[in-house]
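Worksheet: the structure to be examined is printed underneath.
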Amino acid sequence: MTNQHEDDRISAILKGVMVRVKREVIPPDTHVITKLSKRQQHRRWYRLLSVAAAAAIIAGMAATGVIRTNRPTTEHDGKIGSQRQSVPSYPVRFGNIRLVVKDLPAIAKKTSTISGSKVTSLHLPLISPNYSSIAFGARSVWVLEKAGGRPPTACGKLIKVNASSVTVSGSVGISLCPTAVAYGAGSVWVLSFQIGVSGYQLVRVDPITLRIRSTTTIDGGSGGVTPQGDTGAKYLFVTVDGNNVVTAVQGQTGSTELVEIDATTGTIIRSATIPSRYGPVSGLSANSSALWVGTWNGWVFSFNPKSGKLSNGRRLGTRVASLSASDSGVWVTVNLPVPANTNYPGLDTLRLDPMTGAIKQDTGLPMVWVATDGTSVWALSSAPPYLSATGLVGNINSITGGMNEQVELPVIGYNAPDTLGVHAGNAWVINDGAGTLTRVSP
């Protein structure tokens, strides 16, 4: 079959990536993945995700004829305020799954607006290769910043932001270019790499002193890491699973290497390979039951690093855009096919069972990013050309799937908000093009 990463030249840039200890994942018994057509490479993949998805989906529908959409209907958008509101929507059939995509601008009009006094922004020269560019812990928000220097100076910085005052409280230089950050096991973890430098580095930072405790090198092979153009960092993720840290890096053949590192010693425990037919990893998150993996080809799996096995595999859409796991639910956003001449972005927000990964709720909300802290759920809306909804941040009712409150953050041209995180009930949004970190409180 033809995978999207084979058409996207960015995904071919991480050549020679082979971790020291690895073994092939035992794949679940799944259906054959439908072929997707080629689409134009976009400089900012996540920011223009809905544009790229629309092109790929429409072409894929024409080529395969396997996926179809129905005429618009009227659906209830959960409980908004004290009344149930109805909005236009499109039923969508994807394989054996029946979902619905709702009219996001119509939902926004029927939803109360969060007061401007609850929105606080901080200007920083942030970088956000993917939505794994923000983390929370030690009463702080952890983000990544451009260093502006040249070798041998640090390529980037880890920035500590006070979660209460929304002010910078410290920083530490990262020698290679930081691409993803996570918090757990009492430390901040930064995954980094640099053009022409062999291997990846996982840097462990003390959240109080901001001293680097350890640096673990993940072998990149004799050829080193030599990306071209965009660094391809959109495929790099890091998360904390108990007392272990798991990183996702793309292999030479297009497969993804999941590397498990002991958080205490900083040593590599094991690694496993996700076959390239599932596409590169596009989401990585953990709850108490499993490590959850979303892929570029629309698959969601639970993954056991010790056994190297994927389980509970389900293809929920043409692409998993974001994934956030907690013990109350695994929230994902996926691309779905809808007519190109509508106000319905080809996206949907789903809540999965935190144990089995089965769909428990279809919200119908066409959002690009979703995040949860285990109690609160927030979503960030589509990118252009759906200008009426670009920059929309919504507080999602985890019971009804409706939108409780919403606010539209500033968008200047293509500089739209492109990273979302949730901490202590608040949404934190990065707009790296505009250089802002914004807290939105319910």
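Residue numbers count from 1 along this sequence.
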Shortest non-hydrogen separation from [X] to [Y] and the atoms involved:
X      : Y      : result
Val181 : Ser133 : CG1-C, 3.6 Å
Leu258 : Ile274 : CD1-CD1, 3.7 Å
Trp428 : Ala163 : CZ2-O, 3.5 Å

With distance as the sole criterion, is a donor-acceptor pair present between the side chains of [X] and [Y] under 3.5 Å?
X      : Y      : result
Glu260 : Asn244 : yes
Ser121 : Thr436 : no
Thr375 : Asp373 : no
Thr113 : Gln406 : yes
Arg204 : Ser214 : no
Ser288 : Asp327 : yes
Thr295 : Ser282 : no
Glu257 : Thr273 : yes
Asn335 : Thr318 : no
Arg351 : Ser398 : no

| request: Can you label the angle between the Tyr200 ring and the Phe193 ring as parallel, tilted or perpendicular, going by 30° and 60°? | output: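 Because their plane-to-plane angle lies in the 30° to 60° range, the rings of Tyr200 and Phe193 count as tilted.
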| said: Trp378 and side-chain contact (heavy atoms from CB on, under 4.5 Å): which single residue from Val393, Ile396, Val429 fits? | reply: Val393
| Does anything in residues 135-144 pair up under side chain to side chain donor-acceptor pair (under 3.5 Å), and if so which pairs, sequence neighbours excluded? |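 Checked against side chain to side chain donor-acceptor pair (under 3.5 Å) - neighbours excluded - no pair reaches residues 135-144.
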| field | Euclidean distance, Met355 CE relative to Ser289 OG, rounded to 0.5 Å | value |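 If we round to the nearest 0.5 Å, Ser289:OG and Met355:CE are 5.0 Å apart.
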| note | Distance col, row Leu191:CG vs Leu202:CG, nearest 0.5 angstrom, shows 6.5 Å
If you define the side chain from C-beta out and look only at heavy atoms, does anything of [X] sit under 4.5 Å from [Y]?
X      : Y      : value
Arg314 : Phe301 : no
Leu350 : Leu316 : yes
Ile134 : Leu437 : yes
Asn287 : Trp292 : yes
Asn431 : Thr438 : no
Leu104 : Ser381 : yes
Val141 : Val143 : yes
Cys155 : Leu176 : no

| message | Go through it in stages, so that I can follow the logic: the residues are Leu365 and Met403, the test is side chain to side chain contact (heavy atoms under 4.5 Å, CB included), and I'd like the CA-CA distance, side-chain angles, deciding distance and then a yes or no. | response | CA-CA 9 Å; Leu365 297 174; Met403 194 181 296; 4.3 Å; yes
| query | In chain order, what residues pass the side chain to side chain contact (heavy atoms under 4.5 Å, CB included) check against Thr264, with sequence neighbours excluded? | reply |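 Thr264: side chain to side chain contact (heavy atoms under 4.5 Å, CB included) contacts with Asn243, Asp262.
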| field | Result of checking Thr333, Thr419, Asn130 against Ser322 for side chain to side chain donor-acceptor pair (under 3.5 Å) | value |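 Checked Thr333, Thr419, Asn130 against Ser322; only one passes side chain to side chain donor-acceptor pair (under 3.5 Å): Thr333.
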| query | Thinking salt bridges, do Asp206 and Arg211 make one under a 4.0 Å N-O criterion? | reply |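 Salt bridge flag = no for Arg211 with Asp206.
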| Any chance the rings of Trp299 and Tyr278 have centres within less than 6.0 Å? |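 So the answer is yes for these two rings.
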